[in-house]
Amino acid sequence: MIKREKIFITGRVQGVGFRPAVYRIAKSLGLTGFVYNDTKGVTIELQGEQGKCEEFLMRLKSDDKPPLAEIKSCEVTEVSVVEAQEEFRIEASDLAGSAVSQVTADMVVCGDCLAEMADENNFRYKYPFINCTNCGPRYSIVKRIPYDRCNTTMSKFEMCENCAAQYLDVNDRRFHAQPVACGKCGPKVWLTDGGGQIIDEQSDSAIAKTAELLKDGKIAAIKGVGGFHLAVDALNVDAVKRLRQRKQRDYKPFAMMTDSIEKIKRYAVVDEVAEQLLKSPQSPIVLLEKKGDTAIAPAVAEGVSMFGFMLCYAPLHFLLFAEGREVLVMTSGNISDESLICHNEKALEKLGDVADVFLMHDRDIYRRVDDSIIHIIDGQAVFLRRSRGYVPTPILMQQETERDVLATGGDLKNTFCLAKGNQLICSEHMGNLEDAGVYHHYVNSIGHLSFLFDFEPEKVVCDLHPGYLSTQYAKKVSHDEMIMVQHHWAHIASVLAEHGLGGPVIGLACDGTGFGSDGAIWGCECLIASLEKFERFGHLDYYLLAGGDLASKEAVRGVLGLLKKIYGDSFKIEDFHWLLERIEPDKSKIKVILEQLEKKVNTVETSSLGRVFDAVAAMIGLGSYNHFEAQLPMALEAIIQSGIEEHYDFAISDGEPARISFEKMVAQLIADVRDGVAEGIISAKFHNCVAAALVQMAVRARQSCGLDTVAISGGVFCNRYLTNRLIKLLKKEDFCVLFNREVPANDGGVSVGQAAIVAYVKT
Ligand code: ZN
Ligand code: ZN
Ligand code: FE
């Protein structure tokens, strides 16, 4: 019996070779009909014998579908049979919002391509830019849509006959793979010294020579998919030290790359979730518990308990490791906090003094994308940085926004977000906007992505902080309507948006700084929040911080603020001399800060939890300065002794809002430090105290508002110990717990929350 079915499929089914796969299966079964894309997914109409139609669906859901495709839902309805239809066709896409479906993320080289690259008889043997529909660069090379070769940075390479034949063959794995190329027609690799003098022009030998130089402890700048890496042998102590000195990045941990899971397992603990992530087509950096006493140079990641590892993802990386390297440091090619470098000339100019050699190529990078960073919380993958492999995959909202919304994000770890239809398109990690280069890139990127996704912001949303550059930018570009959203509300909204919820929920938002509705600097907040509005149910009791932005660097400012809070006028510097001299040897500086606190000159009231972590780390003696964001809190987490259940005392006051007081905790902690209690125990008791206080706050909120879902977000929840413990304790109290999965809990997720709030409003 002949029948006709209309099949609607959602999931990752666009830009991954899905339609050609549908075409191939339908053809092979002698079915007629058509397939096309629209903003929601893929629609297929299929006509033929019932048995064949069933077989079609089975094959489409099995391994016959393209490797990158993921079917989320599949709806089948019977429609009336059409007479005289003879061919199965791929129809033009319904263009509305088509940019997002065409421009997919950059993916790791696939197994088929790797096999060809290793095959001496293949015409792409050892070709460092091998790719196909199932793998390779996308987002990083696209200038405009439609996603055709002429609109990518591959436009300057004309396909040879062999490549063109595959590109045009619907039965080939490279059918319409825009970056398709080979050694004859495509991009090439070469090696130069720091002055740009050519050392080797042949791809093969340039890569082999680079591997050789790395073995000798040399530093190489290597151009990859989304930008340059600085590479050095991770086992070579002197070489890693030299890279640190030259990169002027004295403390931040370096990420590492290798070519097999087995190698990673020599140095770090890899569980099943981590292994899956490492091997995924997105190939992110995954943070893994260090194993003790490994051969990794200590300077790779000091003061933290985790190593950041990724597997090779570009064909070039595989060729490099095939020359016999064990593990390489592969850190972003930039100087301290500047933007990732992606142009050849810029690399030579900026990194000429850092790298000994440059392994470069002429496939231009149009969008610079850092490596994504993921860690595992409560057994699930959670972003610390969302970039390569994930951007520009949209986050889907339950509702549609009536007007296009631009969310400008926050100033630190910036991302921005475009809301269009039911899609939230979050940009890749931009960085710290206070760096002039990063800001410039940010402005250009908003322009480029708006153009790429055919986006015209009618509403602009930004942070409430009047001093943020992202706020000032929003003011400049907003024509129609500008909305300011409180920082911690945006954090909680990011969780709601990801989970497709409108709220209200109990929100626990904890971080370093966010401008509060009352002008104070907030940072430990319990909100009753929905996408429509929020109410501040409770917070950490305010204390004073002197010195503005310096307070996020110099821990002594948090220490003195907390001591003054606790002891008030009875605070005597002599009593704490023993403690303070380790943190700040300059007595006159301490005096100046104390005077500021007394007279309230250049001080702010704050409920920052981040600064409490800084202060505790400093009091324990782990350092007194954040050379990079959250350095001290990370050091504090790294030393926790496991198996400690005890916690310091805290109090929560009644009243509106309810306030957490850490007075007892600080006093008990100082007594422990004085008594010489082990650092790891003090740190555990402190973390446990924070978790207990937050749980208690949530319980009070539930008593008051009757809600039993808690959403947690904010930079403090990048702390694995605290977050795992908090989730466990909240669940024990029968809360349903939501946390960020698709965007970072840190300020990298703020733009998504901002956009979701404004997209939710009906106008
Ligand atoms: Zn491939
Ligand atoms: Zn070719
Ligand atoms: Fe924040």
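All ligand and atom numbering here is 1-based and tracks the order in the structure.
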Original post:
Strictly under 6.0 Å, is that where the ring centroids of F129 and Y127 end up?
Top reply: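 Ring-ring flag for F129/Y127: true, centres closer than 6.0 Å.
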Original post:
Centre of W522's six-membered ring, under 6.0 Å away, within 45 degrees of the axis: is that where NZ or CZ of R536 sits?
Top reply: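 Yes.
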Original post:
Regarding R388 and the six-membered ring of Y313, is the cationic atom NZ or CZ under 6.0 Å from the ring centre and inside 45° of its axis?
Top reply: yes
**OP:** Give a yes or no on whether H491 keeps an N, O or S atom under 2.8 Å from the Fe ion (ligand 3).
**Re:**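 So H491 does bind the Fe ion (ligand 3) by this criterion.
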Original post:
Is D364 paired with K156 through a side-chain N to carboxylate O contact shorter than 4.0 Å?
Top reply: yes
Subject >> Salt bridge present between E116 and R173 (N-O < 4.0 angstrom) >> reply: yes
Subject >> Check: Y147 and V142 side chains under 4.5 Å, non-hydrogen atoms >> reply: yes
Original post:
Rounded to 10°, how many degrees is the angle NE2/H487-the Fe ion (ligand 3)-OD2/D511?
Top reply: 90°
Subject >> Polar side-chain atom of H317 near backbone of A314 as donor-acceptor pair, under 3.5 Å >> reply: yes
Original post:
Is the backbone of L722 close enough, under 3.5 Å, to the side chain of N719 for a donor and an acceptor to pair up by distance?
Top reply: yes
**OP:** Considering just N/O/S atoms, say which atom of D747 is closest to the Fe ion (ligand 3).
**Re:**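 Atom name returned: OD1.
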Original post:
How many protein N, O or S atoms are found at a distance of less than 2.8 Å from the Zn ion (ligand 2)?
Top reply: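 Under the 2.8 Å cut-off, the count stands at 4.
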Subject >> Angle subtended at the Zn ion (ligand 1) by C135 SG and C132 SG, rounded to 10 degrees >> reply: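 Nearest ten degrees: 120°.
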